[in-house]
Amino acid sequence: MNYNFNEIEAKWQKFWKENQTFKAKNPYSSPGEGLGENKPKFYVLDMFPYPSGAGLHVGHPLGYIASDIYARYKRHKGFNVLHPMGYDSFGLPAEQYAIQTGQHPAITTEANINRYREQLDKIGFSFDWSREVRTSDPQYYKWTQWIFIQLFNSWYNKDIDKAQDISELIACFEKGGNTGVNAVCDSEVPRFSAGEWNEFSDKRQQEILLQYRLTYLAETEVNWCPALGTVLANDEIVNGVSERGGHPVIRKKMTQWSMRISAYAQRLLNGLQQLDWPQPLKDSQTNWIGRSKGAMVRFKVLPLVPSGEDLGGDFYSSEKETLHPSQVKWISVFTTRPDTIFGVSFMTLAPEHELVPQLTTAEQRVEVEAYIKATAMRSERDRMADVKSITGAFTGAYAEHPFTKKPIPIWIGDYVLAGYGTGAVMSVPCGDQRDYDFALHFKLPIPNIFEGVDISEEAFADKETTIIANSDFLNGLGYTEATKKAIAELEKMGRGEGIINYRLRDAVFSRQRYWGEPFPVYYDGDGMPQMLDEKFLPLKLPEVDKYLPTETGEPPLGNANEWYWMQYGDAGKVVSKEEFTSSSPEGQPERGKRIGGPLELNTMPGWAGSSFYFNRYMDPHNSEEVFSQEAINYWQDVDLYIGGSEHATGHLLYARFWQKFFYDKGLVPKSEFAKKLINQGMITGTSAFVSRISQRPDIYVSAEIIDAYNNSDTNNNAFQLIQGITGLTFDNLTFDKIHVDVNFVNLSDELDITKFKNWQPEFENAKFIPHDGPIKVLREVEKMSKSKYNVVSPDSICEEYGADSLRLYEMFLGPLEQSKPWNTAGITGVFGFLKKLWKLYHSGPDGGFHIENSLSLDGGKREALAESFKTLHKTIKKVEDDIENFSFNTSVSTFMICVNELTAQKCNHRDILEPLAIIIAPYAPHIAEELWEKLGHTQSISNAPFPKFEEKYVVESSKDYPISFNGKTRFTLKLPLDMDKTDIEKAVLAHEKTQAQLQGRTPKKVIVVPGKIVNIVG
RNA sequence: GCCUUGGUGGCGGAAUUGGUAGACGCGCUGGAUUCAAAAUCCAGUGUCUUUGACGUGUGGGUUCGAUUCCCACCCAAGGUACCA
């Protein structure tokens, strides 16, 4: 009986579905079922996919296969395993497709999901599909909206370092104004007393509260992508262009919803230490958060120097005037080197800095304005492409040095970024290369404040060896002491303080798109944002005629006929503008006053729905709560999370942020959502190329001819042939390489000529050299992509070799975390292995199922099987260790070795073959189920206990010692393992081969490592 | 530039604490079987100037012994970038 994988796999996939084999129980909610009650929990999660129209290629399931093996292994180990799957189904491609075709994104998304599901099912995953979530499902995004409301109703209290309800902030304001409140908020919040607060209008109060909320509406500089018609987050931009589509991105001021993730910067950093995540990923989050320790220093802007006054050669000598205190302006700068403060010879502000217009003198105005205009015109990309040219302009203004009291000229320059720190720097040319270059270019002084350092060529930035000089009270100090002292002095004078600055910016949360979560927000008569009451959620996406921005440039939701919120008392609904304006604000006595207004036109970004889905899986159908406390307290957090490293600074940072917010609100028991994370590597494609003669594009040649050509092997008779047909000699012959579909190529790299000719019209009349023999293709490793025709789909592999072969092969390719090329040819190895495995259980006549039943008490039988037991148990040990270390590739080798050995031993004994089926089941579940059933079991193999490794079967009594001379192994010698050092040395030295090696010399030293090696030094 | 990861046969890769480098598989070569092919099975397969020598990116070092540890460098991939 042959290994009929198609039949077997279909059978068991149906069985699992019908029996809900992998449904995870929340034990408290189904106590009667008994399952899971006494089992420890284990949560294995994959990053849920965006269901793209292209479907899956063999690279996609890699991580899913690994997590599935782990999940199945944990079930065998007696855990109650949660292994869910769902879809991140809001996103740009469906919307772009909708713009082109008018097809509603919900319809395309549904079709894509169905295709994904079909493909996933064929691979035999043990997902609990009863828990599936889709971010675009209103029953799901109801909770995304709910979380948004919670964030809106929260502020960050720095004193207790956690988020609190906004009502507590209001209470503080009412009691003592905002002077005593230590909150994370906008930088320009004015100071006010309790009395002033209570006097503020409702609108003013709302405006102030907005500056404290964890999600807030503010005019911010955003990354605007004109081609996509939307803003993008920093992590959605790669090299100055959009991640999707590669369109240019410019800076633009817009009123947008933002998330105050910066409040969590330090906790996001701290939390990394307890996480078992890949180091590169943790490093990239650390860099992204970008903590730097230094000082905030305030420089007083000096009154303008009267025009025409000669500043002379020494510009530190000008006279000062005094100003009324209310007119004094201050420029705050952030520096990591307060120790170099005496080296400041000028200041540089970002061109966008808000003080620039006020500071600029009449004489400099023209130049400054021209410079600002010029920098604004340059796109982000231009600025990045050109970092070498130094540009800037002098404002004409001066600031006072906090210690020397000398005037310092204030410049603007685009090397200072508006978005980092305060958008202004104190320039220390002797200690910073950028300041140095700027000073050199504009002929500004470069005072040296370092002991014994030459700065005539470049700046000196080495903190370690710094000794400060020419710096008054800092002279002679090193970096650490000088920094401390400088900060202490600044604090004493009230001119600055030590602070910690983060690169992490608040995250823009609005997108000018259709296919995303609508905000549960309307704008009242004052234009202030108001949250919908939770009982009205979900606020469903409205229907629109077209998915493009409106004629007035509003987001696509502006096209909706009905997109106004109207509420009387407890009754609220979405209505048209006409219905809203024609309705009575006074309402009717029994219904109450009408409230409402236009609904928010922006939608939420892609990362909204993915920032809590892992928690929602724990209780996915709960319509009362985002998840119940029982569910979250049972499942706690993700034990193993597998997904791509491309989400390092996006999804994985935002999700950690929301989790910490939930933690503050007492909604979750853990402040980190995933204990362990693994990044699976990318599977690249092996593209196929066929070469054709450049001068005669209808003639295609086999790869051997190209080899001969590249090696200048003119004797190859193909060249005579080519010359005969084309008249081209070897010397003026050139070839072009063109991609061919990898599906037209067989395992021996030979091209299927018929398929190729029928592929595209231009190949119809293709001629081939050689005419008769096979045409071989060239191979090259590239990213798997449609345009390179190197995409291999899992479906075709499953059809030809089966899902078990696919699963084994994907694991066998190499370490999970490494990127590696796909080459279908190698799959025959694991396919052959499965056939061999099948044969082990089918040693009967005509290949029928045959197993020797166990006579477990018969010691004699056991004796005969000792070798097989040894094979089995060393396999159990190795495979168990490998799974725990996520070294799946080596366990496939181990299985191969095991089956090769058992085959050689002609083993057909139940005591061996039954445990073998279990240990292989996580990897190749279909064949394992089938064999399990044949072994007489009626229950699925998936919960069978994992066989226990027993040392006694693998103990060796002797060892083949490698005998080496000066570290080089010459021969091996079998000796008992319990022999001690001295005896080993004697035995080895007495051996004739040793004597032959020594040729009469006396060894200087003999190293004996029992159980390992013997080395003779001579 | 900086941070991270990696570099081993024709190819994917193995060697878990420093102890026989190249497991396992692909490919290739030869053979068996077959009218033939596929499939299957058997044997071989790091390199070379083959009684031996050389071999884990390069050059040093530590060690009885180094793919493994240390120093310097080269190359590749990923992240990040005027971050004050």
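Naming: A, B, ... by sequence-line order, numbering from 1 per chain. All figures in this text were calculated on a predicted structure; none of them were measured in a lab.
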Complementary nucleotide for B/A15 - Watson-Crick or wobble, under 3.5 Å: none
Would you mind reading off the distance between A/Met296 atom CE and B/A84 atom P, rounded to a whole angstrom? 13 Å
For the aromatic rings, using the six-membered ring if either is Trp, is the centroid distance between A/Tyr3 and A/Phe5 under 6.0 Å? yes
A/Trp288 atom CH2 is separated from B/C83 atom P, nearest whole Å, by 15 Å
Base-pairing assignment for B/A21 (Watson-Crick or G-U wobble, both under 3.5 Å): none
Regarding A/Asp283, tell me which of base, sugar-phosphate or nothing describes its non-hydrogen contacts under 4.0 Å with the strands shown. sugar-phosphate
Counting only side-chain heavy atoms from C-beta out, which of B/C26, B/G65, B/U20 sits nearest to A/Ile1013? B/U20
Syn or anti for B/G7, taking syn as within 90° of 0? anti
For B/A66, the Watson-Crick or wobble partner whose two distances fall under 3.5 Å: none
May I ask which nucleotide in the shown strands pairs with B/G6, Watson-Crick or G-U wobble, both distances under 3.5 Å? B/C75
Heavy atoms from C-beta onward define the side chain here; which of B/U16, B/G25, B/A15 lies closest to that of A/Thr890? B/A15
Look at the aromatic rings of A/Trp411 and A/Phe442 and report parallel, tilted or perpendicular, splitting at 30° and 60°. tilted
Atom CG of A/Leu975 and atom P of B/G19 are separated, to the nearest Å, by 20 Å
Base-pairing mate for B/A81 - Watson-Crick or G-U, with both contacts under 3.5 Å: none
What is the pairing partner of B/G44, taking Watson-Crick or G-U wobble pairs with both distances under 3.5 Å in any strand? B/C28
For A/Gln279 and A/Ser893, find the nucleotide of RNA chain B closest to each by heavy atoms; which residue's nucleotide sits nearer the 5' end? A/Gln279
Could you state the atom-to-atom distance from CD1 of A/Ile1016 to P of B/U63 in whole Å? 21 Å
So which nucleotide from B/A15, B/U5, B/A84 ends up closest to the side chain of A/Pro280? B/U5
Could you tell me whether A/Glu901 and A/Lys874 have a side-chain N and a carboxylate O separated by less than 4.0 Å? yes
From the candidates B/U20, B/U5, B/C3, the one with an atom nearest any side-chain atom of A/Thr969 is B/U20
RNA chain B: 5'-proximal contact among A/Gln818 and A/Leu281 (nearest heavy atom): A/Leu281
Side chain of A/Lys878 only, please: which of B/U17, B/U16, B/C24 is the nearest? B/U16
